[in-house]
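Heads up, the thing below is written out as structure tokens.
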Amino acid sequence: MSDTSRPPYDPSAHEAHWQKAWDDARSFVADEGDKTRPKYYVLEMFPYPSGRIHMGHVRNYAMGDVVARFKKAQGHNVLHPMGWDAFGMPAENAAMEKNTHPAKWTYENIDTMRGQLKKLGLSIDWAREFATCDPSYYGHEQAMFLDFVEAGLVDRRESIVNWDPVDQTVLANEQVIDGKGWRSGAAVEQKNLTQWFLRISDYAEALLGALDGLERWPEKVRLMQANWIGRSEGLACRFELTQTVYDVDALEVYTTRPDTLYGASFCAISPDHPLAIELAEDNQELAAFRADCAKRGTSEADIEAGEKLGFDTGLKVQHPLDKDWLLPVYVANFVLMGYGTGAIFACPAHDQRDLDFALKYNLPVKTVVRPQDDAHFTVTDTAYTGDGVMVNSPGLDGLSPQAARAQMIARFEADGRGEKRVNFRLRDWGISRQRYWGCPIPMILCDTCGTVPVPRDALPVTLPDDVSFDKPGNPLAHHPSWKHVKCPNCGGDATRETDTFDTFIDSSWYFARFAGLKEDAPTDRAAVDYWLPVDQYIGGIEHAILHLLYARFTTRAMHKTGHVAVEEPFAGLFTQGMVCHETYRHDGQWLSPDEIIRNGDGAVLAADGSSAVSVGAVEKMSKSKKNIVDPDDIIARYGADTARWFMLSDSPPERDVQWTQDGIEGAWRFVQKVWRLFDGHILEEHDAARFVDGLTASDIDGDDARALYRQMQLAIDAVTRELEALGFNRAVARLYELVNALSAFKARNGNDAACRAYALAQLMKLLSPMMPHLAETGWQALGGAGLVADAAWPQADTSVLTSDEVVLPVQVNGKKRGEISVPKDADEAIIKEMALNEAGVKKFIDGQELKKTIIVPGRIVNLVVK
RNA sequence: GCCCUUGUGGCGGAAUUGGUAGACGCGACGGAUUCAAAAUCCGUUUCCUUCACGGGAGUGGCGGUUCGAGUCCGCCCAAGGGCACCA
């Protein structure tokens, strides 16, 4: 039926048209007043306005859009908003490098990216758009912060940061390269700064416990969060110093292994432990050691993987179980001040870090746990951390380590020398950033009154526009006038807090703001209680811990301060993989995909054809490696539907997908094939058979039509289930099969044509979430009324899903030797009889004794012979 | 260092969760159509063996459980991700 002389489908002629039609019909406007349908809130992690959208965005938003359109078709009242995570360092970097104002740079980027997103044809309610750098957003954030202060959720205290002495700025761990600042190259210092903290650790137990209830979250993310929170149970006890120094008479130690106390070899304190700091005042060598530790980076990876270094303080502590047993006290670089008490006792035999350290400094190694089945076990160069039996431990020998732990804790508690303690790895959330392009912290520092909140009626505290980035340090701090204010309390001279919020705060409540943009309050309670929690949240796995944990905490804080009803913001979470591409190198330079060509035999050459290019690994698309494909170029050439379809096909959504030219061409051919299907149909059918929506099995005549009808029902059933499970790639495969069947179908009579018309109409509905523009074009061409975007999702006719005959594979000793076709509800005796008589099977059982027959109804027959 | 994930044809991947391994797509090869090309359509395509019918092997490796293992268990190997101021 296809007429190849017809012109191909031209997306540019249709896509803008349908985008306007959806706008005009207000198809995607969410209405919290609509109580007739169940609500469904779909949210993709909002983008940082870095300049242009990239393929990762296309993939992320295509997935979310499929969910939104699918749920709408299924009769839900859908909220699908979009906004901008607009504060952050890249805007300040741009300001420094390109001499442009962060606000100007940011809002221009937003305009560009909004235009790009709109071209994708996403079903977004754009009326709810905002940027986190809008004062109308961050002003509410400031108000909520003051609520958090009143609710006791905020602290101000000192903490250590990476400090670049040249740029006068705090550095992220990733900005510290080999101990030097990434921009200035200056040696990074550890510096104590007074900072604001949100007391997330108060919620450690709650955040951990509630993970169990997040059933529609990936197991992996829940596990990562649980490890991050890091709950442990152990013993807190004192190791008395033999002499009092700087008014300190004992070390407070936390250990999860009190069972190994008899294997103690030494004690160690963190370089940042108060005692280490005091001792260093009078000890140049120790001061130098501390300075050296400070240079080695603060990240856990640096500390754990780096060399274990120590400094013997010369101090001694008494073993808590034996006053005569003295242990040396070291300052050690692998002891973290932020975890436990910043002081440990070390048992080298049963902790690898302690063992590395003991071997290096010639400290004793005493085995106190041995494996169950090795009575003569002794630790030499590998710590034994497994289960087993206690040895060399008076009163504990023969016990399991677990029982020994319990007994030791009980012993310490009984005579008041220690206590059981639950400890968390999770630290409080430091939210101060010494930067300009963030939300100002609404606090005033007064010499007389201390820290004083900005009065509510003076909110929002807005950023000054006239700032310069030519001096190192925070522009807010050296602005001539911005920070000078009168203290709201005493009226005296005071200064504003010049730090701004961590941008993770901005993204910790935006989903609540989308529910309703109330002018005079952070949230619209009626709207937010209707829409929250988010039913399906979609974003990158890179946010598995921080963003999601902060958002969970902030939601609890908002719950406590009356801004939301829920405690968990995201009922369903999906983490999608990255978009990758081959990399190309030539003469030591990276080449972009359009700077290379492939010749006939697959060799890769520079675009001028001159010389060979080496093809590197497939990696995440990134500017630095130039392995980028610009979504605008792809949309201009192939249209949004093709780009969306390719991003949804091939790879499972949670895994990385590789962008290839062949892949996008394949998607393009499929778009054309679908177009030819309905174009060919309408050329053939000018009468009533052109558009048929409702059809039942009893309306069908003829085997071909019956087969097509059944295939259609199977496709509806399968695609529905796959979309429900976010199995986009599998839904795509089923749609390929359906389209192949449809294009092979020949209509011989009116009944056939009606069946095809029906199948095509259903196909447009099934395609609509994934390639919405072509689906509208097809729907209209067939003669469907209204927009397919507003049409109801088809229901599969389950009466034809199963067939009366089933094909059963027959195995002999677990190997397939033949198949039999039997009635669906055939008797087992008949199945056995048929299986034994199947020609291929017979060969393998002849002359042998049948030991066992396994029949799994509808699945398989296995004959066991000997 | 610690924690986590993933290994299936030439490639991306599928497999109703213990029941026919390789759906679907890409690529390749052969054919049709065409003056020719593009586009389109039809067929073949895990490997080894056989003229063929057929047979054998096969889901990173080695073991195990089971009538039956890509799927469950143990050990090992490889690649990737996260580790608190990038968003």
Side-chain angles (χ1 to χ4, degrees), chain A residues 2 4 8 45-48 50 85 87-90 93 161-162 169-176 195 218-221 223-224 226-228 230 298-306 308 334 338 352-353 356 425-427 429-435 502-504 506-507 540-547 549 578 602 617 646 649-652 654-658 660-663 665-667 669-670 672-673 676 718 721 727 729-730 732-737 740 743-744 807-816 818-819 840 843 851-854 856 858-865:
Chain A
S2 48
T4 52
M45 291 179 185
F46 64 163
Y48 179 78
S50 56
D85 189 13
F87 276 135
M89 290 206 312
N93 293 337
V161 294
N162 296 313
T169 186
V170 177
L171 298 176
N173 279 331
E174 69 153 22
Q175 294 171 324
V176 181
Q195 311 209 68
E219 187 55 45
K220 173 181 166 174
V221 174
L223 186 65
M224 281 166 87
N227 288 339
W228 189 259
T298 54
S299 81
E300 207 175 287
D302 290 339
I303 290 162
E304 295 268 333
K308 309 291 177 286
F334 65 90
Q352 191 62 45
R353 287 173 308 186
D356 293 346
R425 184 175 165 278
L426 180 67
R427 307 202 294 257
W429 176 12
I431 54 169
S432 297
R433 298 290 182 271
Q434 295 69 35
R435 303 225 159 78
D502 177 6
T503 58
F504 272 123
D506 309 335
S507 54
I541 185 70
E542 65 272 25
H543 296 290
I545 300 175
L546 292 184
H547 162 60
L549 193 62
M578 299 181 298
F646 177 41
S649 58
D650 283 359
S651 285
E654 69 278 10
R655 267 204 246 173
D656 291 352
V657 66
Q658 187 187 347
T660 59
Q661 187 59 32
D662 287 335
E665 294 280 353
R669 280 199 297 273
F670 180 72
Q672 296 298 337
K673 189 168 185 169
R676 281 197 305 276
R721 276 188 288 109
N729 59 320
R730 297 190 298 263
V732 162
R734 299 289 81 79
L735 286 164
Y736 269 115
E737 280 173 342
N740 286 342
S743 67
V807 175
L808 289 185
V810 182
Q811 296 181 332
V812 179
N813 291 342
K815 279 188 195 296
K816 187 192 164 192
E819 14 183 75
K843 276 200 298 196
K851 305 281 281 190
K852 199 170 175 183
T853 305
I854 292 136
V856 184
R859 280 259 177 278
I860 204 163
V861 180
N862 191 11
L863 305 170
V864 184
V865 296

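The figures that follow rest on heavy atoms only: side chains count, while hydrogens, waters and symmetry mates do not. Each chain gets a letter, A, B and so on, in the order its sequence line appears, and its residues count up from 1.
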Treat primed atoms plus P, OP1 and OP2 as sugar-phosphate and everything else as base, then score nucleotides 7-17 of chain B 5' to 3': B for base contact with protein heavy atoms under 4.0 Å, S for sugar-phosphate contact only, - for none.
S----BSSSB-
What is the distance, rounded to the nearest whole Å, between atom CZ of A:R425 and atom C1' of B:G82?
10 Å
Among B:G25, B:A87, B:U5, the one nearest A:K220 by side-chain distance
B:U5
Toward the 5' end of RNA chain B, by each residue's nearest nucleotide, A:G666 or A:A733:
A:A733
Using atom names, set out every protein N or O paired with an N or O of nucleotides 66-68 of chain B below 3.5 Å, distance rounded to 0.1 Å.
from	atom 1	to	atom 2	distance (Å)
B:C67	O2'	A:N862	ND2	3.3
B:C67	O2	A:N862	ND2	2.5

To the nearest angstrom, the CD-P distance between A:E665 and B:A38 comes to 14 Å
Does B:A57 have OP1 or OP2 under 4.0 Å away from a side-chain N or O of A:K815?
yes
From the set B:C3, B:G19, B:A87, return the single nucleotide nearest to any side-chain atom of A:Y48.
B:A87
Options B:C3, B:A84, B:C41, nucleotide nearest the side-chain atoms of A:L426:
B:A84
Could you state the atom-to-atom distance from NZ of A:K816 to P of B:A21 in whole Å?
7 Å
How does RNA chain B look in dot-bracket notation if pairs are Watson-Crick or G-U with both distances under 3.5 Å, crossing ones as [ ], other-strand ones as |?
(((((((..(((......[....)))((((((.......))))))((((....))))..(((((..]....))))))))))))....
Judged by each residue's nearest nucleotide on RNA chain B, which is more toward the 5′ side, A:P90 or A:W228?
A:W228
With respect to the side chain of A:P809, which nucleotide from B:A23, B:U20, B:C41 is positioned closest?
B:U20
Would you indicate what A:T503 reaches in the nucleic acid, counting non-hydrogen atoms under 4.0 angstrom: base, sugar-phosphate, or nothing?
sugar-phosphate
